[in-house]
Amino acid sequence: MINNSYFFNLKNNFLDNIGWSCFQLSVFCLPSSALISYVLLLVALFDGSLKRRDLYWREYWNYPLVLVTFLMLIGCIRSHTGWLAWFGLFNWVPFFWFFWGLQPYLLTPERRIKCASLLVLGSLPVLITGFGQLWLGWEGPWEVFDGLIIWFVSPGGEPLGRLSGLFDYANITAAWLSGVWPFCLASVLHPFIVGRNRVIPFVLLVAFIAAMILTNSRNAWGAIVLGLPLVIGSASWSWLIPLMLISFLPVIIAVLPVFDFGIQQFARSIVPDSVWMRLSDMQFVDTRSFEATRIGQWKVAVNLIFEKPWLGWGAAAFSIIYPLRTGLFHGHSHNLPLELAISHGILVSLLINIFVFSLLIISGLYGIFNRLNSKKNIIVDRAWWTSTLILICFYATDIPLFDSRINILGWILLIGLRCMIYNYRSQDSSLTKI
């Protein structure tokens, strides 16, 4: 078990140092420049690691990550994708160190509030470029600092008609906005972004939701529906969930094929075509082959896993093998557990998923959704937990972590969950080893 008293005494050393400053700047710059953010995070990581160097092997949350690293290295030696397998390790192994070394910067609720504020404010360039490309025809690439920062802003969005902003693709933008928007909602309910002001957070909230809708991402639309009741809290569920069901009833009728034809046609006359057609995939009914659908991709992915279940094929294997078997190209399998199993084997996929869901479940049951919890600013931690769950849901049908900014965001959220568990343990001494 970790010596919590040593760890909590340590946290005060981070109040005014270069590591904490670099971490804040990194979070703020993250959506705008992965390179700048990564460099600043490395400085914060070294500073945080040096002050925690005696704790690594006593942090039991690191054990599955060490085992995963070992399995990934063995898999790379025997991989079928050559250097791509080794290159693919950079999507994972460095972040196992991040998970440990950056914990001091999110250890307290005040730190997490600061981080949440910076994530929201740092997203302003995403919103501005997104609205600009759709409504004003803005076009990149835009370069700053002699090419150190490059924003590839496509006029009309990428794909056309879908808001993508400074990201390369609308689905990646949707993942970022969906992972951050719960903090806007939390700040409207309990102001923390700009002092006690609710007007600015409300404006940001409206902008976030509008941008998420304009990405035309079904995951982003689902994130809005999922986030509202979770952030507001269970006390509101008795009236909020029925209200949401009534509000979305026309959409449900328009999409599901189980309703009477006349009733469904009436619902479709109320709901915008772009919404119900997108949700039911009607726009692809005559042009999209089975192999091009998510289910088709997952079927091929499962077959690949059964062929090499233990150590996998190596990173990027799906993008190489899928075109050979179907004649179509897809860069990944659109499901992270499947992608991990294809690339690194079933054991790696299981360990990573157990690690993530254990953090989510333990932080939720013992803290956020514990009726006995009296911790101040619980709504911020609830928004943090919701953001993590939303990104996890994204990974069920897409893999936005291949954009390093989304990957870093995801690990920051996981680090925050681990730090919440520290907080809950210190608050309730009745909790045993968590």
Side-chain angles (χ1 to χ4, degrees), residues 21-45 83-84 87-92 94-95 98 102 115 117-181 204 207-208 210-212 214-217 219-220 315-316 319 329-332 391 394 398-413:
S21 298
C22 286
F23 181 80
Q24 293 180 86
L25 285 172
S26 173
V27 171
F28 180 76
C29 295
L30 181 54
S32 300
S33 173
L35 176 61
I36 292 176
S37 179
Y38 207 89
V39 170
L40 291 168
L41 269 186
L42 285 176
V43 176
L45 178 64
W83 63 270
L84 287 174
F87 188 75
L89 293 180
F90 285 99
N91 286 320
W92 294 99
F95 296 98
F98 276 40
L102 296 179
C115 180
S117 301
L118 293 171
L119 285 172
V120 173
L121 295 175
S123 301
L124 285 174
V126 181
L127 298 172
I128 293 171
T129 55
F131 294 137
Q133 72 181 168
L134 289 185
W135 298 336
L136 302 176
W138 289 356
E139 181 177 1
W142 298 343
E143 298 185 10
V144 183
F145 303 131
D146 199 24
L148 185 62
I149 300 176
I150 303 177
W151 293 349
F152 296 97
V153 180
S154 301
E158 179 61 39
L160 188 64
R162 297 176 60 184
L163 184 145
S164 57
L166 53 81
F167 287 92
D168 296 332
Y169 196 74
N171 286 349
I172 305 299
T173 308
W176 175 270
L177 295 174
S178 299
V180 176
W181 94 272
L204 289 171
F208 263 83
M212 290 165 67
L214 290 172
T215 61
N216 205 25
S217 164
N219 282 332
S319 63
F329 174 78
H330 280 288
H332 52 73
L391 278 189
F394 259 84
D398 207 346
I399 311 182
L401 70 77
F402 288 132
D403 185 294
S404 58
R405 290 166 289 187
I406 307 298
N407 200 4
I408 293 172
L409 173 63
W411 281 99
I412 287 175
L413 293 175

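It should be emphasised that the depicted structure is a prediction, and the values quoted were computed from it without experimental measurement.
Applying the side-chain hydrogen bond (donor to acceptor under 3.5 Å, both in side chains) definition to pairs two or more places apart or across chains, those involving residues 149-162 are Arg162-Asn171. For the side-chain hydrogen bond (donor to acceptor under 3.5 Å, both in side chains) condition, the pairs that include at least one residue of residues 133-145, sequence neighbours left out, are Gln133-Ser164.
Contacts of Ile36 classified as side chain to side chain contact (heavy atoms under 4.5 Å, CB included), with partners at least two apart in sequence or in another chain: Cys29, Ser33, Leu40, Leu148, Ile149. The ring pair (Phe, Tyr, Trp, His ring centres under 6.0 Å) check on Trp83 picks up nothing, with sequence neighbours excluded. In this structure Phe23 satisfies the ring pair (Phe, Tyr, Trp, His ring centres under 6.0 Å) test together with Tyr105, sequence neighbours excluded. Not counting sequence neighbours, the partners of Phe402 by the ring pair (Phe, Tyr, Trp, His ring centres under 6.0 Å) test are His332.
Minimum heavy-atom separation, Leu127 to Ala211: CD2-CB, 3.7 Å. Minimum interatomic distance between Cys115 and Ile412 (heavy atoms only, all atoms of both residues): SG-CG2, 4.0 Å.
We find the CZ-CD1 distance between Phe394 and Ile399 to be 13.5 Å, quoted to the nearest 0.5 Å. The CD1 atom of Ile406 sits 9.5 Å away from the CG atom of Leu401 when rounded to the nearest 0.5 Å. Between atom CG of residue Asn407 and atom CZ of residue Phe95 there is a gap of 4.0 Å, rounded to the nearest 0.5 Å. Taking CG of Asp168 as the start and CG of Leu166 as the end, the distance is 9.0 Å to the nearest 0.5 Å. How far CG of Asn216 is from OG1 of Thr173: 12.5 Å, rounded to the nearest 0.5 Å.
Counting only distance, with no hydrogens or angles, the side chain of Asp398 and the backbone of Pro400 share no donor-acceptor pair below 3.5 Å. Ser178 places no side-chain N or O within 3.5 Å of a backbone atom of Ala175 that could act as its donor or acceptor partner.
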